[in-house]
Number of protein chains: 2
Amino acid sequence: MHKRILIVEDEASIRDMVAFALRKAGMDTAQAADARTAQMSIAEQVPDLILLDWMLPGTSGLDLARRLRKEELSREIPIIMLTARGEEMDRVNGLEAGVDDYVVKPFSTRELIARIKAVLRRSQGDDGSGMVELGRLRIDGPAHRVFAGDEPVPIGPTEYRLLYFFMTHPERVYSRAQLLDHVWGGSVYVEERTVDVHIRRLRKTLEPWKLEDMVQTVRGAGYRFSASP
Amino acid sequence: MHKRILIVEDEASIRDMVAFALRKAGMDTAQAADARTAQMSIAEQVPDLILLDWMLPGTSGLDLARRLRKEELSREIPIIMLTARGEEMDRVNGLEAGVDDYVVKPFSTRELIARIKAVLRRSQGDDGSGMVELGRLRIDGPAHRVFAGDEPVPIGPTEYRLLYFFMTHPERVYSRAQLLDHVWGGSVYVEERTVDVHIRRLRKTLEPWKLEDMVQTVRGAGYRFSASP
DNA sequence: ACAAGCTGTCATAGGCTCGTAACATTGCAC
DNA sequence: GTGCAATGTTACGAGCCTATGACAGCTTGT
């Protein structure tokens with residue numbers, strides 16, 4: 001099943017180059033030269049992943065990323081930022097905006113494709129059925145249910161979204177701001193500390209199955225979901 | 001360890017200028033004015049990277065690139081193409097031929113060197129995934145985690161940053177002042193002896209895996225991180 | 001309208017880290 | 001071997017970060 005990648009980049013030569021490489025790698029591509037076109041393209045057909053240039057005429061890539069995170073339609077789409085050399089220092093900002101990964105120009109298409117595949121793999125639990133499994137935990141997306149072993153786990157809406165995000169993005173640290181962007185959606189303003197509370201609640205719901213250790217605190221950085229202690 | 005760069009360019013003045021800049025940047029250079037000479041040079045000593053002019057008398061740079069990709073000996077050598085303005089549209093062809101990057105003339109030597117370093121870095125196992133490995137130690141940047149073999153190593157924030165710096169800059173001595181600058185970030189003032197304490201703490205966290213000898217004292221100079229005793 | 005379930009915020013408690021100072025050791029020059 | 005300088009160790013109080021429980025406002029279902 002071919003993945004659809006939306007390339008948002010104002011420089012035509014780079015856009016074409018990337019599009020060519022991706023098609024050769026068996027992906028479908030759509031292109032946009034600016035934020036407006038990008039949003040129209042998304043409205044028309046939701047891509048599986050967005051490659052987003054940092055510098056865009058008009059609305060910057062970062063702004064567009066933030067905006068996409070606020071829309072229900074586009075919140076779940078993974079985003080990879082393309083940044084020029086020297087813009088690396090802004091990584092932090094991008095990560096806070098809920099960007100999934102970065103590729104620094106100049107990049108080889110091989111590297112780019114590897115990253116794309118990595119992000120797609122991460123954010124899809126692999127089989128596209130909506131089922132994700134990690135350790136003894138299993139989450140059934142379509143059914144909106146969580147299982148520990150065979151037993152169903154009672155869980156509230158926000159905790160469910162949080163857990164779902166963690167299950168689809170395991171083994172990686174996320175700051176409170178990132179979690180807010182990915183799980184809450186950025187359109188709402190809530191205190192960062194609120195994340196702590198929901199982490200606590202998630203741990204508590206996992207306690208009966210002794211799985212609370214999967215939610216790990218990384219002091220000074222954020223939280224991580226992992227199968228290994 | 002100096003990298004060897006082969007410059008394939010018919011215009012002698014450009015060739016010399018580039019060679020001069022690269023040597024100043026601590027790289028070794030070899031030169032060739034045409035495809036035939038280039039292949040002989042490679043046969044004699046395999047370079048770490050090839051700078052290849054797009055336009056060459058006789059066999060074009062693109063053809064040479066294709067040819068090099070077919071040879072077992074030269075298949076893995078990264079290639080950077082030098083193209084004149086207006087030739088950008090041909091990027092696609094270059095990609096197809098397995099070119100790693102492009103630099104458009106006229107270029108500054110600083111840019112060229114940056115590109116070379118970026119490509120070399122990528123070709124050396126730094127795949128941009130944020131994973132660093134040295135001896136039995138492995139550090140996973142995105143996950144913010146350290147492993148000794150397969151076991152996770154519990155580690156605090158500062159020790160983590162210190163270890164991360166060491167892992168990315170191994171086999172080299174750093175004074176306490178340098179470590180403060182790189183790990184603590186020059187804007188804070190702390191006693192130099194504080195470094196000693198953190199070195200001690202780092203060694204202690206590595207002790208359970210008998211890896212404490214990787215952190216080595218260089219009396220009168222500072223500390224060094226190394227895989228060999 | 002009422003009950004039950006959720007959520008975001010706060011205040012407080014609890015732990016963990018960090019930078020220093022003080023003291024112990026080691027290495028080196030003479 | 002002596003003595004000085006550099007490094008190793010340990011202990012500790014302050015400060016920072018997280019965990020936790022309580023609470024009032026909301027939403028949903030009855």
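Lettering follows sequence order; numbering is per chain, from 1.
Atom CG in Leu202(A) sits about 17 Å away from atom P in dT18(D), given to the nearest Å. If you measure from atom CG of Leu179(A) to atom C1' of dG8(C), you get 16 Å, rounded to the nearest angstrom. Distance CD (Glu192(A)) to C1' (dT18(D)): 13 Å, rounded to an integer number of Å. Note: CD (Glu212(A)) to P (dT20(D)) measures 10 Å, nearest angstrom. As a whole-Å value, the separation of Glu191(B) CD from dT7(D) C1' is 15 Å. Whole-Å rounding puts the Ile199(B) CD1 to dC18(C) P distance at 13 Å. Atom P of nucleotide dA6(D) and atom CZ of Arg176(B) are separated by 9 Å, given to the nearest angstrom. Separating the CG atom of Leu162(A) from the C1' atom of dG8(C) is a distance of 15 Å, rounded to the nearest angstrom.
When the nucleotides dC17(D), dG8(D), dT20(C) are ranked by their closest atom to the side chain of Thr194(B), dT20(C) comes out on top. The side chain of His198(A) sits closest to dG8(C) out of dG8(C), dT9(C), dC16(C). Distance from the side chain of Glu159(B) is smallest for dC18(C) among the nucleotides dC18(C), dT9(C), dT7(C). Of the listed nucleotides (dT7(D), dT9(C), dT20(C)), dT9(C) has the atom at the smallest distance from the side chain of Val197(A). Of the listed nucleotides (dG19(C), dC16(D), dG8(D)), dC16(D) has the atom at the smallest distance from the side chain of Arg219(A). Set against dT20(D), dT7(C), dC17(D), the side chain of Thr158(A) has dT7(C) as its closest nucleotide.
Residue contacts shown for Arg203(A) are limited to sugar-phosphate atoms, with no base heavy atom under 4.0 Å away. At the heavy-atom level, Thr217(A) lies under 4.0 Å from the strands shown only through sugar-phosphate atoms. Residue contacts for Tyr160(A): at a heavy-atom cut-off of 4.0 Å it reaches no nucleic acid atom on any strand shown.
Side-chain N/O atoms of Lys204(B) include none lying less than 4.0 angstrom from OP1 or OP2 on dG8(D). Taking only side-chain nitrogens and oxygens, Arg200(B) never comes nearer than 4.0 Å to OP1 or OP2 of dG8(D). An OP1 or OP2 oxygen of dT20(D) is reached within less than 4.0 angstrom by no side-chain nitrogen or oxygen of Arg193(A). Of the side-chain N and O atoms in Trp184(B), one or more sit less than 4.0 angstrom from OP1 or OP2 of dG19(C).
Each of Leu202(A), Asp196(A), Val173(A), Val218(A) was checked for a side chain to side chain contact (heavy atoms under 4.5 Å, CB included) with Tyr223(A), and the lone residue meeting it is Asp196(A). If you run side chain to side chain contact (heavy atoms under 4.5 Å, CB included) between Lys3(B) and each of Leu22(B), Asp28(B), Asp48(B), only Asp48(B) comes through.
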Worksheet item: After noting the C-alpha distance and the side-chain angles of Leu82(A) and Trp54(A), does the key distance pass the side chain to side chain contact (heavy atoms under 4.5 Å, CB included) rule?
Response: CA-CA 6 Å; Leu82(A) 306 178; Trp54(A) 187 270; over 6 Å; no

Discussion item. Working note: Gln216(A) + Arg145(B), criterion side chain to side chain donor-acceptor pair (under 3.5 Å); need CA distance, chi angles, decisive distance, verdict.
Written reply: CA-CA 11 Å; Gln216(A) 301 166 356; Arg145(B) 253 195 173 190; 3.1 Å; yes

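Contact of Arg201(B) with dG19(C) (side chain to base): a donor-acceptor pair of N or O atoms is detected under 3.5 Å.
Taking the ring centroids of Tyr174(B) and Phe225(B), they lie at or beyond the 6.0 Å cut-off.
In this structure the side chain of Met167(A) never reaches within 4.5 angstrom of the side chain of Val146(A), judged on heavy atoms.
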